[in-house]
Amino acid sequence: MSAFYDAVYRAVGRIPKGRVATYGQIALLCGNPRASRAVGWALHQNPMPGVIPCHRVVNREGRMAPAFAFGGPEIQRGMLEEEGVPFLPDGRADLARALWSPGAGEENP
DNA sequence: GGACTGACACTGG
DNA sequence: ACCAGTGCCAGTC
């Protein structure tokens, strides 16, 4: 497990409940705004369910990878909905309101 | 040591 | 507005 991994896991773990972050945000917190690929890869390599809420990490579309490791995209949607993340009729998370602001802390409008 | 892969993001047409 | 191609980074073979 490299330091980059730890940074990714920590960034993901910092995502407050009811909020989601994009790979780009995690990459930015990691120190490399362009490392969005590596971020997703880190999560894929070490899913660590229970410790790393991958379900709170979505791409810039507000949607997760085509192959979710938690059991299915429906599971993630259900979890995020339970957390209070607004979802659009398209099946994507409403990034306009659910997107977490890194550094700004856990806001709750 | 080099090359390929991969849960993304951005720019160009 | 949409589709396609390219670039980034880290890890693994």
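Keep in mind that the numbers below use all heavy atoms, side chains included, and drop hydrogens, waters and symmetry copies.
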Point to revise | A:His44 NE2 to C:dT12 C1', straight-line distance once rounded to whole Å | key: 11 Å
Check your understanding: Rounded to the nearest Å, what distance is computed from the CG atom of residue A:Asp6 to the C1' atom of nucleotide C:dA10?
Key -> 15 Å
Check your understanding: With the threshold set at 4.0 Å, does a side-chain nitrogen-carboxylate oxygen contact exist between A:Glu83 and A:Arg56?
Key -> yes
Check your understanding: Linking I/L/V/M/F/W/Y whenever any side-chain heavy atoms sit under 4.5 Å apart, do A:Leu28 and A:Val57 land together?
Key -> no
Practice item. Kindly say whether A:Tyr9 contributes a backbone atom to a donor-acceptor pair with the side chain of A:Asp6 at under 3.5 angstrom? Key: no
Exercise for review: Could you pick out which residue, A:Gln45 or A:Ala35, lies toward the 5' side of DNA chain C when each is mapped onto its nearest nucleotide?
Suggested key: A:Ala35
Check your understanding: Expressed in angstrom and rounded to an integer, what is the separation of A:Arg77 atom CZ from B:dA7 atom P?
Key -> 21 Å
**Study point:** Transitive ILVMFWY side-chain link A:Trp100 to A:Leu88, under 4.5 Å
**Key:** no
Practice item. Please say whether more than 12 non-hydrogen atoms of neighbouring residues, nucleotides or ligands are located less than 6.0 Å from CD in A:Glu74. Key: no
Check your understanding: Got a sec: does the CZ of A:Arg63 have more than 12 other heavy atoms crowding it under 6.0 Å?
Key -> yes
Please tabulate, one pair per line, each protein N/O and nucleotide N/O from nucleotides 9-12 of chain B that are separated by under 3.5 Å, including the distance.
residue	atom	partner	partner atom	Å
B:dA9	OP1	A:Arg60	N	3.2
B:dA9	OP2	A:Arg60	N	2.9

Review point. If you link I, L, V, M, F, W and Y whenever their side-chain heavy atoms are under 4.5 Å apart, who else ends up in the same group as A:Val85?
Key: A:Val20, A:Val58, A:Leu80, A:Phe87, A:Leu95, A:Leu99
Review point. How is the base pairing of DNA chain C summarised as a dot-bracket string, given the Watson-Crick and G-U wobble criteria with both distances under 3.5 Å, [ ] for crossing and | for another strand?
Key: .||||||.|||||
Point to revise | Gap between atoms CZ and P, on A:Phe4 and B:dG6 respectively (whole Å) | key: 18 Å
**Study point:** Backbone N/O of A:Ala98 and side chain of A:Asp94: donor-acceptor pair under 3.5 Å
**Key:** no
Exercise for review: Starting from P on C:dG11, measure out to CG on A:Asn32 and report it in whole angstrom.
Suggested key: 11 Å
